[in-house]
Structures are given as C-alpha cells and as structure tokens.
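Both backbone and side-chain heavy atoms feed into the values below; hydrogens, waters and symmetry mates do not. We count ligands from 1, going down the list as the structure has it; atoms in each ligand are counted the same way.
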Amino acid sequence: MKKILILGAAGQIGSELIPFLRNIYGDTNVIASDLHKNLPCDVLESGPFEILDALDAKSMNDLVSKYKIDTIFNLVAVLSAKGENDPVLAWKINMGALFNALEISRQTKGAVFTPSSIGAFGKNTPQDQTPQDTIMRPGTIYGISKVAAELLGDYYHNKFGVDARGLRYPGIISNVTLPGGGTTDYAVEIYYEALQNRSYTSNLAAGTYLDMMYMPDALRAAVELMECDPAKLIHRNCFNVTAMSFDPEGIAASIRKVMPDFRLDYKVDPIKQAIAESWPNSMDDSAARAEWNWAPQYDLEKMTADMFEKLSIKLGKQI
Ligand code: NAD
C-alpha cells in the first residue's frame, strides 16, 4: 500500500484529494500537510495532518522519514492571477516546494505527482485543440514556473530515476473549498452567486473560452496517472487533460436551464482577461487518452446539476 504525503493539502484541490486518497489507500496511509489547517472538520479529523512549510526541506524530510512516505502529491502553488501581484513569491514557492519534493524523492526512490496547468501555454501557442507538444512561451510567472516544473520533473526522472508524473489541469470547478486566486475562479464563483443572488458579474469577457474540469474528474485523473503502467508513459510530466470548454455565456446558459431568471453581467478584470486570452480555448488531450486511458465523466450539464445539488445543501438555498 502506498504511503502518501500531500503538500498544500488545504487548498481547493487538496481539501478534496485528502478524502479521495484516504478512501483508496486507507486513512492512516495519507498524511495531509499545509501551512494552515483551514479544512472541513470531517476531513481534518479523518487522518494525520501536519503543519509543514514545503520550503523547509529539513521538516519535509523529517515527515517523509517519520511516516515512511513513498509518494508525494505536491499541490503547493501561488496561482496565476495571485502570482502576477508578487512574482518573486510565486517563483520561490512554486519552484521551492517542487525542488524539495523531488530532492527528497531522489533519496527515497519515491514518486512525485505535480499538476501543471493550461497556464503553461502562451499567446504564441495554437489556441484551438492545443496540441500536446507545441510552443510553450507563457507570459505569466505562474506559467513560467509550470513549464520549468514540467521540465524539472522530466529531469529528475531521466537523471535520477524519480517516478515524477504530472498533468496540465484546466480550470477546476468544485464546491468544497473556494479557489485560491486563479484566472478560472469565475467558473466556481458563478454557481455560488447564482444560488445567493440569482446573478453574477463576470470578470472575464463574453467569448473567452477556456478548458475546464469538474473536481471528481480531476481527482480521478491524478490517481489514474499515478497508478498507470509507467512503461506506457511517453509524456510523464505534462499531459493535456480536459473535460469541457466554455465561455461565460456558455456556463450562464447551462445555469439558465435550471434557473431561467439567472442574470449575467460583466466587469472585466484586465489582468485576468489578458491571462485568459493567452491560454488555450480548448486542448487536445489525446496523448493522455492513449497513454493511460484518460476519459472525463462530467460535461457542463452534468456538472451544473451536481454543483447545484451540493451547493444548495451547503448554502441552505434552493434553486
Ligand atoms: P490552492 O491555492 O487552492 O492551494 C494551494 C495550497 O498551497 C494552499 O492551501 C496554501 O496554503 C498552500 N501553500 C502555499 N505555500 C505553501 C508552503 N510554502 N508550504 C505549504 N503549503 C503552502 O491551489 P489549488 O487550486 O488546490 O491547486 C493545486 C495545484 O493544482 C497547483 O499546482 C495548481 O497550480 C494546480 N492547478 C490548479 C488549478 C485550479 O483550477 N485549481 C488549475 C490548474 C492547475
């Protein structure tokens, strides 16, 4: 059975990856860690949690020894929009956590999962059906750190035999923990605001298409990649994965199917808009499909139905 350490476990993805992994590998085999403990009580109490600054290599090493960790899921990051406010911090955290995880796994001969992102692409990249292997010239510090992280994962695999794997997540939509300052956050907020106010003001313009994925698919993708036969992996640290592509009008139309009076307004944030325009409209994820049988289970309509079901209970609001 794997012994897993999750870094950055209290964020949007980690808060749901903890129970997902504990269901598969057992509660005591999944050690969650972050700078803070802001997690739902049931998640926090379901197994070991350690306060850990992932930039502190010695403390990370101590935890890996203490729990005999063989696999690290590294979710530590400063996200795209937030990173533009403090590029020095974004670089330090995005690269520092990964470097420590890879260096420690080099000693333990362990495995490391690190998400890359659609943010790894830039405005010179073909934007429709963006190929797996293409021009990578991102214009954000987040994107630059993601390209470097993909390369670093390959480097540690090729040079030191670390079982590093990763995929390029699109915008992740979820209902447990709010997103942490990315460009696709609007696609989560819109569901909360729809239930609370029956309206939403989008910070991205109409016609801004981006790839998206519902959290259950994102969690399954991570585990399926880490469990697949490594002999079949050609790309390893950079798989395009997607489930749907829409613009603000598209998600609003999906919401109106169940809430016909929903209103969508616009107040475009120029920083987020510029970032979004440099990212793909839609990605080609055929390499992930071919190399480890990736296939999403949620499209936009199925996700909207599930988001409203879960958020109605969480917020105590009916459609
Ligand atoms: P998040 O911002 O919600 O969570 C990141 C977590 O990292 C936070 O809980 C934060 O406290 C923690 N952290 C920051 N600095 C730390 C440090 N020094 N030591 C320990 N913990 C620290 O991010 P997320 O949305 O959960 O993203 C997880 C990963 O997935 C990131 O690599 C991100 O780039 C990638 N990703 C996310 C999305 C998305 O839409 N959420 C899309 C593409 C890629």
Just which atoms of ligand 1 are under 4.0 Å from any heavy atom in [X]?
{"X": "L79", "answer": "2 (O), 23 (O), 25 (O), 33 (C), 34 (O)"}
{"X": "G171", "answer": "40 (O)"}
{"X": "H36", "answer": "9 (O), 11 (O)"}
{"X": "S117", "answer": "43 (C), 44 (C)"}

Side chains of [X] and [Y]: do they bring a donor and an acceptor to under 3.5 Å?
{"X": "N175", "Y": "Y214", "result": "yes"}
{"X": "Y192", "Y": "K314", "result": "yes"}
{"X": "Q132", "Y": "S286", "result": "no"}
{"X": "S254", "Y": "E301", "result": "yes"}
{"X": "S80", "Y": "T183", "result": "yes"}

Quick test: of every protein heavy atom, which one is nearest to [atom], and how far off is it to 0.1 Å?
{"atom": "atom 18 (N) of ligand 1", "answer": "D53 OD1, 2.9 Å"}
{"atom": "atom 20 (C) of ligand 1", "answer": "L52 O, 3.2 Å"}
{"atom": "atom 5 (C) of ligand 1", "answer": "L75 O, 3.7 Å"}
{"atom": "atom 37 (C) of ligand 1", "answer": "I13 CD1, 3.8 Å"}
{"atom": "atom 31 (C) of ligand 1", "answer": "A77 CB, 3.5 Å"}
{"atom": "atom 32 (O) of ligand 1", "answer": "K146 NZ, 2.9 Å"}
{"atom": "atom 4 (O) of ligand 1", "answer": "G11 CA, 3.3 Å"}
{"atom": "atom 35 (C) of ligand 1", "answer": "P115 CB, 3.7 Å"}

Return a yes/no value for [X]: is any of its N or O atoms, backbone included, closer than 3.5 angstrom to an N or O of ligand 1?
{"X": "Y169", "value": "no"}
{"X": "A54", "value": "yes"}
{"X": "Y142", "value": "yes"}
{"X": "I172", "value": "yes"}
{"X": "N74", "value": "no"}

Problem set entry | Charged N-O contact under 4.0 Å between R263 and E193 | no
For this session: Inspect the contact between K3 and D70 and indicate whether a charged nitrogen and a carboxylate oxygen are less than 4.0 angstrom apart.
Result: no
For this session: Decide yes or no on side-chain hydrogen bond (donor to acceptor under 3.5 Å, both in side chains) for S282 and S245, but give the supporting numbers first.
Result: CA-CA 6 Å; S282 63; S245 165; 5.3 Å; no
Is the closest heavy-atom distance from [X] to ligand 1 below 4.0 Å?
{"X": "A10", "value": "yes"}
{"X": "P170", "value": "yes"}
{"X": "A218", "value": "no"}

Exercise. Are E227 and K2 side-chain neighbours, meaning at least one heavy-atom pair lies under 4.5 Å?
Worked result: yes
Exercise. Side chains of L75 and L7: closer than 4.5 Å at any heavy-atom pair?
Worked result: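 A side-chain contact under 4.5 Å is absent here.
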Exercise. Is the NZ or CZ atom of R106 positioned over F160's six-membered ring, under 6.0 angstrom from the centre and within 45° of the axis?
Worked result: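 The answer is yes; both the distance and angle limits are met.
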Problem set entry | W292 and W294 aromatic ring geometry - parallel, tilted or perpendicular at 30°/60° bounds | tilted
Exercise. Between P179, A187, A97, G8, which one has a non-hydrogen atom sitting closest to atom 7 (O) of ligand 1?
Worked result: G8
Exercise. Where the closest heavy atom to atom 11 (O) of ligand 1 is concerned, which of L35, L17, D34 has it?
Worked result: D34
For this session: Apply the side chain to side chain contact (heavy atoms under 4.5 Å, CB included) test between L17 and each candidate in V30, I4, L219, V43; give the one that qualifies.
Result: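 So, applying the side chain to side chain contact (heavy atoms under 4.5 Å, CB included) to L17 and each of V30, I4, L219, V43, only L219 qualifies.
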